[in-house]
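Reviewing the structure listed below.
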Amino acid sequence: MSSQLPPPFSAPFAADDRAMATWLLAEAQLTPEREARIDRTARGLIDAIRRNDDPLGGVEDMLREFSLSTKEGLALMVLAEALLRVPDVETADRFIEDKLGQGDFIHHETRSSAFLVNASAWALGLSALVIQPGETPQGTIGRLAKRIGIPAVRAATRQAMRLMGNHFVLGETIEAALARAHAHSAGHARYSFDMLGEGARTRADAERYFNSYAAAIQAIGQRAGDNPLPDRPGISVKLSALHPRFEAVSRQRVMAELVPRVVDLAARAKARDLNFTVDAEEADRLELSLDVIAAVAAATSLSGWSGFGLAIQAYQKRASAVIDYIDDLARRLNRRMMVRLVKGAYWDAEIKRAQERGLDGYPVFTRKAMTDLNYIACAKKLLTLRPRIFPQFATHNALTVATLLELTESDEGYEFQRLHGMGEALYAQLAKGHPGIACRIYAPVGSHRDLLAYLVRRLLENGANSSFVAMASDPGVPAEVLLRRPSEIVGNSDGATNATIPLPRDLYQPARVNSRGIEFGERAALNRLVADVAAEKTSTAAVKRDAPEDVNRTVVAARDGFPAWSRTPAAARAATLERAADLLEHRSAHFIALLQREGGKTLDDSVSEVREAADFCRYYAAEGRKLFGDAQPLPGPTGERNTLQLRGRGVFAAISPWNFPLAIFTGQVTAALMAGNTVVAKPAEQTPLVATEAVRLLHQAGIPPAALHLLQGDGPTGAALVAHRDIAGVVFTGSTDVARSINRALAAKDGPIVPLIAETGGINAMIADATALPEQVADDVVTSAFRSAGQRCSALRLLFVQEDVADRMIEMISGAARELKIGDPSDPATHVGPVIDREAKERLDAHIARMTREARVHFAGVAPPSGNFVAPHIFELADARQLTEEVFGPILHVVRYRASGLDAVLRSIADTGYGLTLGIHSRIDDTVEAIVDRLEVGNIYVNRNMIGAVVGVQPFGGHGLSGTGPKAGGPHYLARFASEQTVTVNTAAAGGNAALMSGEE
Ligand SMILES: Cc1cc2nc3c(=O)[nH]c(=O)nc-3n(C[C@H](O)[C@H](O)[C@H](O)COP(=O)(O)OP(=O)(O)OC[C@H]3O[C@@H](n4cnc5c(N)ncnc54)[C@H](O)[C@@H]3O)c2cc1C
């Protein structure tokens, strides 16, 4: 069958916006008559939307029941939205108490509270009618609580929660949903049912979703009636719900495991002749989704069925190419397919991801009008591809609907789609003028607990300033504004991009360029990188070690190089570092190959590390220009000029670890150099090649050999370096024990007292309470504890989970850990590579053996039999004190705690004496604030993973046993490498203060 398939989908991931605008603007041209008809139709639809006085059905009843004003009802909706995140009843009550009872609302009405700052919720359609400028949900609920008391507010909040659930979810079970659908439309409307959920993290999740899709298909099929397709109900399926690692790098596995599952479901849908739509998800999953869709479509068991289809997002620049691909696929398979055209639901997430990954461009448009234009262009294309393609236009935008009506010659051969709970008035009006047009309702099914992710998307949609739904519900927005054509808004190709959204590369401008990354979801880019890395020749020759006797010669050479380098202007030093950053990016494949071969790093880790090294170079260059450029004038009395300048101290010893052999090495060295010091760098003995190449690159960039020297060796060589009389400063990253011995050695020296900048380890903890989202916790725990085989200073070692939710969370984390691939780091599919050496493996294996005896084993991964592999393990401790030292590997320790015992948890974290990183997963702001206030930890991450600090964004470094500070990649770092000098010139020394005398009155 596969020979029938088209070649894998390929299109530029982030095409040029200007070129696209030129094409789209040309596509959008219509005659004035046709534009006038669109105006008339759209105006009629908008009037109907605005006449609709209960856009959130049932709100009125709630208001009456609790004698609430509309404003108060809305504020409760906001509270309810947050409450939906809370998994169990008990915690939900505590959550409400926390929000209402502890005075947050009542006594601090104006304090911003992140859980309520979701202004989108506040803008739930009605808001513009009743909310005055400056009013907040907090204030409203505070006053309400005073008036009717907290118990009544609690009851009303629950009611609001049910209402929101009811409004956006058709039923908690498929049977309930089918019954409601039937009652609503007497069987006339088309439905596509969607099973709510967060996407599978574990095999068990995927199995559960599969079963629920299968059961739904059967139930839908039983009540599907006798009409032929397309006039039949259907189901919408998310591929991410059916596989725990639905990601581009796991393609092989996804194709082998997921495709048969989807074929199985699709065959069940075919048996009932239903519409089976694969929902569109994130842009990095597009190519993989199309691979799966093509493979499924080609299954012989599905031949002759025209109900299979997919959703295509018009905000993606590749949408038109996807349509071509699907058309090609359908043609080759001699099959009809159904295509739902949407604008796209993850726009904000796409922008964030592209920025985080340092991509050259965005895969989505940055102006909504461009999305609107693309939507129409794609719609036109779909219409021409009928009948092979059956277009399904999903939108709640009256102008988009009116434009589509103008483009279609009849009411047949396509359908509209809307979401349950949205667009009712629009489509009711449309049906009046066009009774023949079909409209399908996308109907989420599931418990209110599973509603969150879906609801947040819808609330964002309703609240976004640019959203049609939000503007249409605001009577302050004139209809003319809603009728403005996207082509008019874009104007010309200069208007293609949003000026307030910088390209990912320009995120930190004007200070510096962001480091260049890569999207693994773009097959061409990933394949290119993998091939480039494979083609790199890296030395296999043993690196010659310097003997302790070589130390003196090297330090003396560095001392001799100091006068010239320290007098090199700061701007010239900075330019050299920027050249180094460019070179690093240019030779990234070479360094990735080295990091993989010498350091055992996965592809993802290696790319991040090269980026971090480049960021260090550019960040210190930018900071250095400010700090070491012109002397800083200081205020003082007239007749005197005071200036402060920073200069290098002398020779810095830079001693770096093996776990970030490029990034930390480069960071230390470039900071010291930027501050005007010369450097003797001693890398870890496990990773000499990376250091050799990094020094070569820095020399090529223009750092004089006399300013930067490399000393290869082990502990004794490092000790001799530190002890040398000419060392003016030491920067060290490594264990607390070695930092202490360096400190003692420095203290024992005669001569000047030498500063030490030390960054050491930590027993890093994460606290997850019962309000946290288990899926998010699972993602973040697995990343924090197991990525880089746990060999990051920032890695999570000790997870505290609130006991009420501990079983579920630990099960999900363990299930997610089970899905990690351990093995050869040069394989892009590998998530966990080897640990650094045999010694490390033996130490970790011994710890695992001890924990297996002393703790409860939740998960024991299986490592490949040969090589230095240590598989992820999860142990539950009865007491956090069982973990007495940093265990530098993929081993997670979990401790349960009682909600009332949070204080003891914080005490036990503080008692470790470390303070490097901390994770908090909680939706209760007071909890987050209290923890942040209480614990002196260097890097705290809330509701995200706790590794991967970005230079200049999360300056890195801790307190106590974790290091001296200042933070690497932060604004206070460079100054610590410098000495300070003030110069005071008596400008009146020549006999008078000429400047004062000649000043004007
Ligand atoms: C039946 C149905 C099924 C759906 N299925 C899916 C699906 O499978 N996958 C999916 O992703 N979405 C899906 N959606 C959601 C859909 O993407 C949103 O409902 C849609 O984006 C809203 O479009 P609109 O025409 O109603 O509103 P409009 O207000 O006209 O458009 C809003 C949309 O414009 C885009 N946008 C907003 N700001 C910008 C900007 N600055 N630059 C560029 N674009 C911007 C976003 O896509 C945003 O959602 C579905 C919607 C419906 C009705």
Side-chain angles (χ1 to χ4, degrees), residues 17 20-21 24 42 45 49 120 168 189-194 234-241 275 277-283 285-286 289 309-317 319 322 338-351 354 362-376 378-379 392-404 415-424 426-427 439-444 453-454 457-473 477 482 484 486 489-490 495-501:
D17 295 81
M20 290 214 66
L24 289 171
L45 296 172
I49 295 168
S120 53
F168 289 106
R190 297 175 184 175
Y191 275 87
S192 185
F193 297 91
D194 157 58
I235 188 154
S236 292
V237 167
K238 283 197 174 45
L239 296 180
S240 63
N275 174 202
T277 304
V278 177
D279 278 348
E281 301 188 67
E282 293 84 352
R285 288 164 156 171
L286 177 65
S289 298
L310 75 159
I312 296 178
Q313 297 154 325
Y315 67 12
Q316 282 213 47
K317 296 172 179 173
V322 176
M338 299 173 93
V339 173
R340 175 200 304 153
L341 185 63
V342 302
K343 288 183 189 165
Y346 312 96
W347 181 78
D348 50 331
E350 297 293 357
I351 298 290
Y362 293 104
V364 295
F365 297 107
T366 56
R367 290 201 76 187
K368 177 178 178 290
M370 288 288 284
T371 297
D372 290 338
L373 279 177
N374 199 35
Y375 189 93
I376 296 301
C378 290
Q392 302 169 301
F393 300 119
T395 174
H396 306 123
N397 182 325
L399 180 60
T400 308
V401 169
T403 311
L404 290 168
E415 69 181 24
F416 281 104
Q417 295 196 349
R418 69 171 179 86
L419 299 175
H420 168 70
M422 292 179 72
E424 278 130 338
L426 166 67
Y427 283 100
C439 179
R440 190 182 298 271
I441 301 167
Y442 183 98
Y454 179 81
R457 286 290 119 209
R458 298 293 80 83
L459 293 177
L460 281 171
E461 214 166 280
N462 281 299
N465 283 339
S466 64
S467 143
F468 177 84
V469 179
M471 288 203 285
S473 66
V477 178
L482 295 169
R484 268 190 85 195
I489 295 169
V490 172
T497 54
N498 185 333
T500 64
I501 302 176

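Whatever order the structure lists ligands and atoms in, that order sets their numbers, starting from 1.
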| note | Among non-hydrogen protein atoms, atom 31 (O) of ligand 1 lies closest to K368 CE, 3.1 Å
| said: Show, in sequence, the C-alpha distance, side-chain angles and deciding distance for W347 and F365, and conclude whether the side chain to side chain contact (heavy atoms under 4.5 Å, CB included) test is met. | reply: CA-CA 9 Å; W347 181 78; F365 297 107; 5.7 Å; no
| query | Do any nitrogen or oxygen atoms of R367 lie less than 3.5 angstrom from nitrogen or oxygen atoms of ligand 1? | reply | yes
| remark: The closest protein heavy-atom partner of atom 9 (N) of ligand 1 is A280 O, 2.9 Å
| query | Going by distance only, is there an N or O of Q417 that falls short of 3.5 Å from an N or O of ligand 1? | reply | no
| request: May I ask you to check whether R418 has an N/O atom sitting below 3.5 Å from an N/O atom of ligand 1? | output: no
| query | Do NZ/NE/NH1/NH2 and the carboxylate oxygens of K238 and E281 come within less than 4.0 Å? | reply | no
| What's the shortest distance from atom 6 (C) of ligand 1 to any protein heavy atom, and which residue and atom give it? | V342 CG1, 3.7 Å
| query | Can a donor-acceptor pair be found between the side chains of K343 and T400 at a distance below 3.5 Å? | reply | yes
| query | Does the N or O separation between N498 and ligand 1 drop below 3.5 Å for any pair? | reply | no
| said: Quick check: T366 and ligand 1, any N/O pair under 3.5 Å apart? | reply: yes
| task | State which residue, out of N374, T371, D17, fulfils the side-chain hydrogen bond (donor to acceptor under 3.5 Å, both in side chains) condition with K317. | result | D17
| message | My understanding is that only one of Y442, Y427, F168 makes a side-chain contact (heavy atoms from CB on, under 4.5 Å) with M422; could you say which? | response | F168
| Counting heavy atoms only, which of G344, S192, A283 comes nearest to atom 17 (O) of ligand 1? | G344
| said: Give me the residue, atom name and distance of the protein heavy atom closest to atom 18 (C) of ligand 1. | reply: E461 OE1, 3.4 Å
| task | Using distance alone, with no hydrogens and no angle criterion, decide if S236 and R340 have a side-chain donor and acceptor under 3.5 Å apart. | result | yes
| request: Please verify whether a non-hydrogen atom of L419 lies at under 4.0 Å from ligand 1. | output: yes
| task | Give the residue and atom name of whichever protein heavy atom lies nearest to atom 15 (C) of ligand 1, and the separation in Å to one decimal. | result | R458 NH2, 3.8 Å
| Just distances here: any N/O of F365 and N/O of ligand 1 closer than 3.5 Å? | yes
| Polar side-chain atom of Y375 near backbone of L341 as donor-acceptor pair, under 3.5 Å | yes
| said: Using a plain distance cutoff, I'd like to know if K343 has any nitrogen or oxygen under 3.5 Å from a nitrogen or oxygen of ligand 1. | reply: yes
| query | Just by distance, do the side chain of R440 and the backbone of S192 share a donor-acceptor pair under 3.5 Å? | reply | no
| query | Identify the closest protein heavy atom to atom 29 (O) of ligand 1: which residue and atom is it, and at what distance? | reply | F468 N, 2.6 Å
| query | With distance as the sole test, does E350 use its side chain to make a donor-acceptor pair with the main-chain N or O of A283 at under 3.5 Å? | reply | yes
| For T366, does its backbone N or O pair with a side-chain atom of N498 as donor and acceptor, under 3.5 Å? | yes
| query | So which protein heavy atom does atom 25 (O) of ligand 1 come closest to, and at what separation? | reply | T395 OG1, 2.6 Å
| message | Suppose I only count heavy atoms of Y346 and a 4.0 Å limit; which atoms of ligand 1 are within that range? | response | 11 (O)
| message | On a heavy-atom basis, I'd like to know which of H396, R340, Q313 is closest to atom 3 (C) of ligand 1. | response | R340
| request: Measure the distance from atom 43 (C) of ligand 1 to every protein heavy atom, then report the residue, atom name and distance (to 0.1 Å) of the closest one. | output: T371 OG1, 3.0 Å
| Between A345 and ligand 1, does any nitrogen or oxygen pair lie at a separation below 3.5 Å? | yes
